[in-house]
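Residue numbers start from 1 in every chain, and the chains themselves are labelled A, B, ... in the order their sequence lines are given, proteins ahead of strands.
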Amino acid sequence: MGSIWEYANPVKFIRTSEIVLPWVSILATVTLIAGLVWGFFFTPDDYRQGSTVKIIYLHVPSALMAINVWFMMLVTSLIWLIRRHHVSALAAKAAAPVGIIMTVIALVTGAIWGQPMWGTWWAWDPRLTSFLILFLFYLGYIALWEAIDNPDTAADLTSVLCIVGSVFAMLSRYAVNFWNQGLHQGASLSLDKEENVADVFSTPLYVCIAGFVLLFIALVFLRTRTEIHRRRTKALLARERLG
Amino acid sequence: MTLTVKDLTISRGGIPVLEGLNFTVEPGRALVLRGPNGVGKTTLLRTVAKLQPPVEGEVICAPDAIAYAAHSDGLKSTLTVSENLHFWADVFGTKGIDGALKGFDLEALADRAAGGLSAGQKRRLGLARLLVTGRPLWVLDEPTVSLDVASVEMFADTVRAHLKQGGSALIATHIDLGLGEDVDVLDVGPYRAKPGQGKGAFDGDFDEGFL
Amino acid sequence: MIALLVRDMRLAMRAGGGFGLGLAFFLIVTVLVPFGVGPESGLLAKIAPGILWLGALLACLLSLDRIFALDWEDGSLDLLATSPLPMEGVVSVKALAHWLTTGLPLCLAAPLFGLLLSLPEAGYLWLILSLVIGTPALSVIGTFGAALTVGLKRGGLLLSLLVLPLYVPTLIFGAEVARRGAEGLDTMTPLLMLGGITCGTIALLPFASALVLRVNLR
Amino acid sequence: MPDLGKYADTVLSSYIVSIILLVLLVLVSLLAARKARAELEQVEERRRG
């Protein structure tokens with residue numbers, strides 16, 4: 001009886017995660033601490049924003065991660081729908097909480113940072129607002145996973161929601177821009193624009209971003225393995241009941 | 001319009017339930033499925049009716065050949081009997097519901113709201129819908145539930161007539177429908193999925209994969 | 001397919017069909033706003049387009065879980081899945097039925113409620129136009145949400161959580177058209193965007209809804 | 001400690017909040033991992049035993 005399993009292999013994943021996880025976690029912790037310490041202690045104040053510029057080392061990486069985690073979930077959802085890889089469906093489920101926390105950090109640091117500049121805790125600025133919408137998408141995604149007990153159905157439904165949600169998230173991103181011009185400052189790092197944040201700021205920023213990315217990878221490995229264990233326990237218990 | 005099932009494996013809630021099923025249903029014959037409750041008869045019927053993809057193996061039959069009827073009859077209580085039947089007739093593109101009404105002795109109730117029918121009458125209306133579909137292969141799940149003896153006899157006559165016209169039926173039921181000689185019986189008990197020897201053990205001692 | 005539409009419309013009209021449900025809710029929302037915001041008509045006029053659009057959106061949202069729930073309970077969904085009708089067709093017809101029973105009445109009643117909120121004169125035409133173009137998108141997106149949560153326990157709450165973020169673009173552009181219309185500004189850009197979203201959803205979303213419905217019927 | 005000037009509380013609060021959230025996320029993930037693994041071991045034990 002070939003189980004549907006030969007399309008995907010938790011075995012390989014568990015083995016690789018056993019090897020990779022310790023290394024990635026150490027690397028992530030080191031890079032993250034290095035980046036934050038460097039950014040917090042060893043960078044001068046900005047002439048205009050004073051010391052609040054230090055918040056950049058949390059706001060920009062978390063904002064970047066919030067968007068890229070959703071993109072990763074989109075890719076894994078597509079892999080699940082096309083190749084029926086169980087691991088990728090569970091990886092998407094594992095990544096969602098990390099994504100929502102990153103979005104919360106981006107929102108919180110954005111609001112706190114904006115407070116002295118714009119004089120209010122929350123300004124309906126397009127970029128912050130689209131993160132709020134992204135937060136709602138994450139919430140709906142996680143809630144849908146929790147609401148369904150059959151793992152395969154849950155994986156299918158959440159994958160479709162993720163794909164449809166991505167289209168509407170991009171639409172909302174444009175609609176929000178249209179709806180209110182922004183207070184947000186220009187992109188600190190952008191590939192196309194030539195002027196970037198001064199080097200003394202951007203180097204620790206890159207380190208912080210690397211730290212966040214590594215942290216995300218480590219967490220996804222850990223949480224995906226947890227999901228695999230959980231699902232396997234559920235399956236074995238169901239089998240016991242069948243007797 | 002034969003239905004062929006080749007070494008079929010089906011699962012419910014992700015857990016394999018029946019495996020290695022092989023049978024065919026020739027036109028003019030009926031196949032009755034027996035087996036304890038919960039063994040997977042309903043799941044098998046749903047897989048045959050293409051409501052559910054099989055885990056392994058395949059179900060081969062002509063497209064648009066299957067009329068499926070399950071426990072719930074799909075009747076709208078605010079619509080009358082004839083409106084319900086007319087709706088299904090239009091959906092399946094067949095004309096006229098008189099045959100169905102006569103077949104299940106429902107002419108008298110034609111204009112009564114389906115909500116006002118007894119359980120037995122509702123069941124007869126649900127089965128009358130089969131006649132309206134004009135589909136050769138009937139896939140029925142416990143059709144005679146809440147039917148009195150007379151109605152069961154009426155149902156058996158309809159099935160016999162259906163078989164005579166070259167139709168076929170796959171029925172999961174405990175009651176002997178007395179359909180005479182052109183009936184085969186398949187007990188699905190022995191096809192129960194054994195806790196498998198799936199490939200891809202986790203590490204060393206896990207003997208199954210992910211289930 | 002027409003038979004399905006006719007049946008659904010007949011079901012909606014019959015007793016307990018919930019035809020006036022969305023309309024009544026829309027009226028209540030519009031009546032409650034002045035109590036919350038104060039009767040001063042200058043303010044009301046300013047926020048009227050947005051409030052009317054929000055009321056229409058919430059009224060649509062309210063009647064979404066009825067789209068599949070009834071057919072799911074009495075088994076018709078299974079029977080429809082094994083009928084010659086393609087699921088994409090079934091889903092589109094359900095969305096159309098929802099629009100005819102909820103969306104369209106909202107568009108017709110909106111100007112009446114506009115009076116309550118002292119909507120400026122110029123605004124009425126644009127309000128109706130934006131609603132007529134926008135509400136079909138609300139119905140189609142809503143049908144997708146309903147297909148996602150059919151058969152789930154407490155699906156209603158989850159449905160609104162899933163659907164509201166998807167409604168954001170339509171709400172923004174729809175309310176923008178109504179607001180600009182009311183203030184006599186040029187409404188072309190938001191109108192085109194609104195139309196684009198509606199056409200896009202009508203064309204593409206039924207495939208996702210059908211896929212999701214088939215998964216839920218397993 | 002760098003002189004944070006008048007924005008000290010802004011900067012500090014955002015760092016503290018973010019670090020707390022990150023630590024919480026890691027802790028929750030670790031606890032869930034341990035719990036899931038333990039449950040699995042227990043079920044496997046019962047099956048093999």
Taking CD in C/Glu40 as the centre, count heavy atoms belonging to other residues, nucleotides or ligands within less than 6.0 Å. Is the count above 12?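 Atom CD in C/Glu40 is packed in, count exceeds 12.
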So with a 6.0 Å cut-off around OH of A/Tyr174, is the heavy-atom count from everything else above 12? no
Distance in Å, [X] [atom1] paired with [Y] [atom2], rounded so as to fall on 0.5 Å steps:
X        : Y        : atom1 : atom2 : answer
C/Asn216 : A/Leu157 : CG    : CG    : 5.0 Å
A/Asp156 : C/Arg214 : CG    : CZ    : 12.0 Å
A/Thr153 : C/Leu217 : OG1   : CG    : 11.0 Å

Which portion of [X] sits near chain A, non-hydrogen atoms under 4.5 angstrom:
X        : answer
C/Ile141 : side chain
C/Leu157 : neither
C/Phe144 : side chain
C/Leu205 : side chain
C/Leu166 : both
C/Thr170 : neither
C/Val215 : both
C/Leu148 : both

Do you know which two heavy atoms are closest between [X] and [Y], and how far apart they sit?
X        : Y        : result
A/Leu171 : C/Pro169 : CB-CG, 3.8 Å
A/Ala147 : C/Leu152 : O-CD2, 3.9 Å
C/Pro165 : A/Leu136 : CG-CB, 3.8 Å
C/Leu162 : A/Gly140 : CD2-O, 3.3 Å
A/Val160 : C/Ala208 : CG1-CB, 4.1 Å
C/Leu158 : A/Ala143 : CD1-CB, 3.5 Å

State, yes or no, whether a side-chain contact exists between C/Leu171 and A/Trp179 at a heavy-atom distance under 4.5 Å. no
Go through the atoms of A/Leu144 and report whether side chain, backbone, both or neither lie under 4.5 Å from a heavy atom of chain C.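 Both backbone and side chain.
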Looking at A/Asn150, A/Ile133, A/Leu161, which makes the most heavy-atom pairs under 4.5 Å with chain C? A/Leu161
Could you go through C/Met193 and A/Phe178, starting from their C-alpha distance and side-chain angles, then the distance that decides it, and tell me whether this counts as side chain to side chain contact (heavy atoms under 4.5 Å, CB included)? CA-CA 10 Å; C/Met193 283 305 292; A/Phe178 178 89; 5.7 Å; no
Using a strict cut-off of less than 4.0 Å between a Lys/Arg side-chain nitrogen and an Asp/Glu carboxylate oxygen, indicate whether C/Arg218 and A/Asp152 qualify as a salt bridge. no
